[in-house]
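For reference, the structure discussed in these notes is given below.
Just so you know, these numbers come straight off a predicted model, no measurement behind them. Counting starts at 1 for both ligands and their atoms, following the listed order. Residue numbers count from 1 along this sequence.
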Amino acid sequence: MTTVEGTRTTLHPLPRLSNATLRQARAGVALPPYDRGRLRSGIVHLGLGAFARAHLAAYTDALLAIAPGDWGIIGASLQNPGQRDRLAPQDGLYTAIQRDGGKTGVRIIGCVLDILVAPEDPAALIAAMARATTHIVSLTVTEKGYCHDPATGRLDQHHPDIRHDLDHPGAPRSAIGLIVAALRARRASGLAPFTVVCCDNLPHNGRLVAGLVGDFAARHDDGLAGWIAAHGAFPATMVDRIVPATTDADIASAAAATGLCDAAPVTHEPFQQWVIEGRFIAGTRPAWDKVGAQFVTDVAPYEHMKLRLLNGAHSALAWLGYLAGHETIAESVGDPVLRAYVTALWRDEIIPVVPPPPGTDLHAYAADLLVRFDNPAIRHRTWQIAMDSSQKLPQRLLSTIRDRLALGLPITRLALAVAAWIRYAGGVDEAGHPIDVRDPMAVTVRKALDAAPPDPAARVAAILAIRAVFGTDLPRAAPFRDAVTAAYATLLEHGSREATRRATAARPVP
Ligand code: CS2
């Protein structure tokens with residue numbers, strides 16, 4: 001038995017996956033067909049979690065299999081050494097398990113060459129980003145990793161990490177501080193900037209990160225902000241693949257499939273989509289389009305479709321499903337009440353206000369989403385999706401609500417989702433058990449609820465007053481306040497399933 005240091009994971013008595021053992025993988029396991037020894041890095045990726053390893057790295061690995069290029073990836077962990085401790089003994093190799101109902105495909109991904117841990121040595125990470133051979137810095141640091149105000153999209157100058165980084169520009173700890181430090185180093189050595197590719201589910205993610213980097217750089221009066229604005233590139237992207245957190249059971253299935261111990265496999269659905277604005281510095285980028293990515297001039301319609309239909313429904317199902325006692329998204333959409341709700345939510349409230357991307361039928365897209373959500377082999381926990389909800393709500397649901405309010409359209413089902421978040425964030429489930437709410441604003445939300453008088457209208461008003469989530473417009477919009485209050489009262493009185501049934505059955509007056 002091998003125990004991986006820094007984790008509680010116990011591995012099987014099999015050889016550990018590494019360069020030396022790779023060829024011992026069982027027949028049927030796809031191996032990187034390129035020569036890893038000759039592969040050089042061209043990408044530094046901040047936040048090397050499961051999603052990036054099943055998406056950006058999977059695309060890059062597939063590309064390297066058909067077209068050589070110096071597009072190896074140096075991954076960086078911004079929080080703790082866990083991922084490095086799991087992957088370094090494996091020479092960066094890991095197993096990707098594709099699950100589609102009863103069908104499984106197994107492949108070992110080889111394009112991650114090294115993993116750095118920012119808090120251990122920020123200078124080493126800045127140096128890797130500032131190297132002439134690094135052309136792209138990509139990110140999946142989750143919504144809260146950008147240290148911004150979700151309602152305005154501006155840098156939160158009071159965020160402890162941003163304050164730290166402004167005071168210690170040579171040893172930053174936030175993604176934005178690290179990027180600015182590396183851009184400063186490139187400018188000093190006469191290099192062009194790298195292209196920053198944000199792969200998080202944020203609205204206008206390229207523009208948003210450009211603004212945050214600009215805000216941060218402008219705090220030092222050395223002309224850096226102007227240089228970045230003139231020479232930098234921050235293409236927008238839409239990323240999509242359902243990738244649940246890796247569990248011990250996944251580690252066991254990777255071992256069973258490959259015959260090798262892997263402390264950090266990823267599991268994912270077959271579907272993947274990556275739409276990228278084709279704006280890279282000097283046009284230097286991997287030909288990801290050869291392996292299915294789409295380069296377009298305007299990502300916005302794809303982003304709206306994905307954030308509002310997929311992620312909006314995911315969050316709604318996460319809160320309502322969790323409250324109804326469902327552990328996963330597949331279980332939630334297996335419940336006829338929640339299934340009817342999400343179908344009606346898409347058809348009646350979301351699709352009518354989302355302009356479709358070229359050649360896309362949004363009803364067909366929604367039908368495909370339901371098939372993806374149904375995939376029983378993907379155990380995507382409602383609790384996992386409910387994490388950091390305060391950072392997700394604006395782009396996933398509130399934008400759609402704003403569009404409908406502007407047109408005077410009803411929002412019954414969307415309002416139920418918002419009310420379900422408030423109910424979930426209260427921290428007690430329908431059986432009276434505590435909910436482990438993980439959210440940077442968990443305390444703020446709980447305090448607001450606890451301080452409000454106990455009636456639903458007062459509690460909802462207290463939450464809507466949280467400006468960083470709801471802005472200044474929504475708390476003043478009476479149809480929104482009333483719809484959320486009514487839904488919240490029904491949730492408290494009748495529970496999630498009955499409230500969902502009623503919201504689905506409601507025939508709101510247009
Ligand atoms: C999910 C996303 O955890 C969540 O919030 O909604 O991770 C979702 O699975 C991906 O965006 C799918 O591309």
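- When only interatomic distances are considered, the shortest N/O to N/O separation between Arg372 and ligand 1 does not fall below 3.5 Å.
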message: One pair to check against ring-ring contact (aromatic ring centres under 6.0 Å, His included): Phe373 and His314. What are the steps and the verdict?
response: CA-CA 9 Å; Phe373 288 1; His314 244 183; 4.8 Å; yes

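- Atom CD of Gln79 has 12 or fewer neighbouring heavy atoms from other residues, nucleotides or ligands inside a 6.0 Å radius.
- Heavy-atom separations between Lys306 and ligand 1 include at least one value shorter than 4.0 Å.
- Scanning both residues, Asn205 and Glu303, for their nearest heavy atoms gives N-OE1, 4.3 Å.
- Aromatic ring orientation, Tyr424 versus Tyr322: perpendicular (interplanar angle above 60°, classes split at 30° and 60°).
- Here CG of Leu309 is found 11.5 Å from CG of Asp368. Values are rounded to the nearest 0.5 Å.
- The distance from ligand 1 to the heavy atoms of His380 drops below 4.0 Å at these ligand atoms: 9 (O).
- Near Asp240, meaning under 4.0 Å from one of its heavy atoms, ligand 1 places the atoms 12 (C), 13 (O).
- Close approach of ligand 1 to Lys392 is summarised as follows: ligand atoms under 4.0 Å from at least one heavy atom of the residue are 3 (O), 4 (C), 5 (O).
- The single protein non-hydrogen atom nearest to atom 2 (C) of ligand 1 is Asn311 ND2, 3.6 Å, given as residue, atom name and distance.
- For ligand 1, the atoms sitting less than 4.0 Å from at least one non-hydrogen atom of Asn201 are 11 (O), numbered in the order shown with element in parentheses.
- Judged by the 6.0 Å and 45° rule, Arg53 forms a cation-pi pair with Tyr94.
- Geometrically, ligand 1 and Arg396 share a nitrogen or oxygen pair separated by less than 3.5 Å.
- No heavy atom of His55 sits closer than 4.0 Å to any atom of ligand 1.
- Residue contact check for ligand 1: Met387 places no non-hydrogen atom closer than 4.0 Å to it.
- In this structure, Arg396 pairs ionically with Glu143, as a charged nitrogen and a carboxylate oxygen lie closer than 4.0 Å.
- Taking all heavy atoms of Gln384, Glu143, His314 into account, the minimum distance to atom 6 (O) of ligand 1 is reached by His314.
- Listed here is the closest heavy atom pair of Leu338 and His326: CD2-CD2, 4.3 Å.
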